[in-house]
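This report refers to the structure that appears directly beneath it.
A note on names: the letters A, B, ... follow the listed sequences, proteins ahead of strands, and every chain is numbered from 1. We use all heavy atoms of the structure for the numbers below, so side chains are in, but hydrogens, waters and symmetry mates are not.
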Number of protein chains: 2
Amino acid sequence: MNIEPVRKNSLTDSVRHQIVDYIKNNEKNGIRKLPSENDLSKALGISRVTLRRALGQLESEGMIMRKHGQGTFVNEEALKVKVNLSEMIDFSDIIRRAGQKPSHEINLLCEKSADADMAQLLDVEQGEPLVEVEYALYAGKVQAIIARGYFPKRILGDIPSDEVWNAHSCFEILAQYGRTLVECDRVKLQAVSRQEMEEYLGHETKIMNQTVLQLSSVGFDQNVVPVIYGEAFFDTNIIQFDLYRIKK
Amino acid sequence: MNIEPVRKNSLTDSVRHQIVDYIKNNEKNGIRKLPSENDLSKALGISRVTLRRALGQLESEGMIMRKHGQGTFVNEEALKVKVNLSEMIDFSDIIRRAGQKPSHEINLLCEKSADADMAQLLDVEQGEPLVEVEYALYAGKVQAIIARGYFPKRILGDIPSDEVWNAHSCFEILAQYGRTLVECDRVKLQAVSRQEMEEYLGHETKIMNQTVLQLSSVGFDQNVVPVIYGEAFFDTNIIQFDLYRIKK
DNA sequence: GAGTGGTCTAGACCACGGC
DNA sequence: CCGTGGTCTAGACCACTCT
């Protein structure tokens, strides 16, 4: 039983992927200039409008740069961004991006009723049954992330077995057992001491650093209805988040 | 002598601003649905393509949500983001967004030659003269940010007087005296202890928190040539960065 | 002047949601 | 069924850069 996120491939999307492939294939050759928009649109058999939509998306991500009167170029500085904070990715992928091998274990899995704060964050009635789950994530053999999540129990039809929890992330379980995709989230950042983290969690951890980066996030489904609240603590000696920003 | 960032207003830009105004004006009335694309484009006297380009930009920022077959809606969750980390804004504006009154003082202003690390980061020769400047920024009466910046001295024709430094940010001085606009930057995040921060800075600070968020950034001009390197330390009890992220 | 990206349009057709 | 947003096109004209 696998429910995959269904994303139709528009022409623009597939063009964008072709351009990304083109860039990756020519990375070694040192080719930093793309063909002109006219040439590219003819070569791809599409209108210039569609090509420009694809290029515009890549430009807003920072992957390419366009210079009026000169051409379109690969932006090598933006490509140096590894652990991109502005992308919504799994904890495991974050560790992979940091160049490490990810693994995880479940610290905690239980039911809890929503207190006032949680009820407001998740837009549910106070007392509504929530699932509380805590993961410890390792980069190689070192603990890099502690993540705790809360979401309404009713989203899950049946509570999966421990094996399932051990093999999948919260988001995968919400997708497969709750048919709920987290499409966007709002994140708050704080720097906290290891001691503050352990007081919040209520137990000791194997995080080595004395200071950690705390990300508090509310995840929403496609209708911007809150579905999950998470608190994650990162050892920034191991996970260094990056961002590439463009002035508007 | 004021050199303003020259940004031509395209039709799409002005349409986008009109939509933002529309949203702000109707925020109080509780109107969360925008007119249909056909109606809007007719009312504004523009083609639907141009309107959709403007709406698409607002959607990628999270300000609006479009539902196929239903309409376009204001995204209230995204609007809750206050101190948006994915926007390139001045330290003073960051403090304003956090709901505080900003002020700043210069801690340090001197010349320094580039060491190996700095030479690599700024893509200059080792030994090249740099300007080193350190600001302390206050939220009300509390120290909230310490920021240190380095940039090649040759960018500035003449070194401005102390008065100018006290009245402007690094970016304003680079723009007005160096005719250099910082158009994009790459940022790295770390959580560090107050002690580590003070060791890096070489002096004590008035930051109250025991842990701070460190942002290390390289700023680039419109040709993605590095022009400034900065290390900034934030008291996240006062400045809590936010992000709204959309899955791709 | 030739080539590049930047902007805008009119119009067609499709897919989804609610009535 | 109708109205909504989603996608794509051909073509025009402009502004910038280089030679």
Side-chain angles (χ1 to χ4, degrees), chain A residues 5-19 22-23 31-60 62-75 181 183 221-225 246-248, chain B residues 6-19 22-23 31-60 62-75 181 183 221-225 246 248:
Chain A
V6 180
R7 292 186 183 278
K8 289 165 300 186
N9 271 336
S10 67
L11 184 54
T12 308
D13 281 347
S14 79
V15 166
R16 197 179 64 239
H17 287 129
Q18 285 194 57
I19 299 169
Y22 176 92
I23 290 173
I31 297 178
R32 297 163 188 186
K33 186 166 190 280
L34 270 60
S36 78
E37 297 186 351
N38 264 320
D39 291 350
L40 254 184
S41 58
K42 278 173 193 160
L44 292 164
I46 57 167
S47 75
R48 197 178 149 218
V49 180
T50 301
L51 173 67
R52 276 184 61 77
R53 200 165 27 238
L55 290 175
Q57 290 173 14
L58 293 175
E59 188 183 30
S60 73
M63 179 167 273
I64 60 168
M65 271 209 59
R66 292 140 114 182
K67 296 189 191 177
H68 200 166
Q70 293 178 260
T72 303
F73 303 84
V74 176
N75 185 345
L181 294 176
E183 292 288 342
D221 67 11
Q222 75 274 16
N223 294 316
V224 203
V225 174
I246 301 171
K247 201 159 225 163
K248 279 170 193 160
Chain B
V6 179
R7 293 185 181 280
K8 287 165 302 186
N9 270 339
S10 68
L11 184 54
T12 308
D13 280 348
S14 78
V15 167
R16 197 179 64 238
H17 287 129
Q18 285 195 56
I19 299 169
Y22 177 93
I23 291 174
I31 297 177
R32 297 162 187 186
K33 189 168 188 278
L34 269 59
S36 77
E37 297 186 352
N38 265 320
D39 290 351
L40 255 184
S41 57
K42 278 173 193 160
L44 292 165
I46 56 167
S47 76
R48 198 178 148 217
V49 180
T50 301
L51 173 68
R52 277 184 62 75
R53 198 163 30 235
L55 290 174
Q57 291 173 14
L58 293 176
E59 187 183 31
S60 72
M63 179 167 274
I64 61 169
M65 271 208 59
R66 291 139 116 182
K67 295 189 191 178
H68 199 165
Q70 293 179 258
T72 303
F73 303 84
V74 176
N75 186 344
L181 294 176
E183 291 288 342
D221 67 11
Q222 74 273 18
N223 294 315
V224 202
V225 174
I246 302 171
K248 280 171 194 158

Exercise for the section: For side chain to side chain contact (heavy atoms under 4.5 Å, CB included), just list the numbers for A:N223 and B:K67, CA-CA rounded to whole Å, side-chain angles, deciding distance to a tenth of an Å, and then say yes or no. Expected result: CA-CA 9 Å; A:N223 294 316; B:K67 295 189 191 178; 3.7 Å; yes
Problem - B:D13 with B:R16: basic N within carboxylate O range, under 4.0 Å - result: yes
Fill in the blank from the handout: Contacts of A:E37 meeting salt bridge (Lys or Arg N to Asp or Glu O under 4.0 Å) (sequence neighbours excluded), chain-then-number -> A:R48, A:R52, A:R66
Taking all non-hydrogen atoms of both residues into account, name the closest pair between [X] and [Y] and its distance.
X: A:E59; Y: A:I246; answer: O-CD1, 3.3 Å
X: A:Y22; Y: A:K33; answer: OH-O, 4.3 Å
X: B:I19; Y: B:A54; answer: CD1-CB, 4.3 Å

Exercise for the section: Would you sort out whether B:T72 and B:L40 count as a side chain to side chain contact (heavy atoms under 4.5 Å, CB included), showing the intermediate values? Expected result: CA-CA 11 Å; B:T72 303; B:L40 255 184; over 6 Å; no
Completion exercise
Rounding to the nearest 10°, end axes of the helix from C:dG1-D:dC18 to C:dG18-D:dC1 built from five pairs each make an angle of 10°
Practice task
Test side chain to side chain contact (heavy atoms under 4.5 Å, CB included) on B:V49 and A:V49 and set out the steps.
Solution key: CA-CA 10 Å; B:V49 180; A:V49 180; 5.6 Å; no
Would you mind reading off the distance between [X] atom [atom1] and [N] atom [atom2], rounded to a whole angstrom?
X: A:L51; N: D:dT9; atom1: CG; atom2: P; value: 10 Å
X: B:N223; N: D:dC16; atom1: CG; atom2: P; value: 15 Å
X: A:M65; N: D:dT17; atom1: CE; atom2: P; value: 12 Å
X: A:L58; N: C:dG5; atom1: CG; atom2: P; value: 14 Å

Handout entry: Per-nucleotide protein contact string for nucleotides 3-8 of chain D, where B marks a base within reach and S marks sugar-phosphate only (heavy atoms under 4.0 Å, - for neither)
Key = BBBBBB
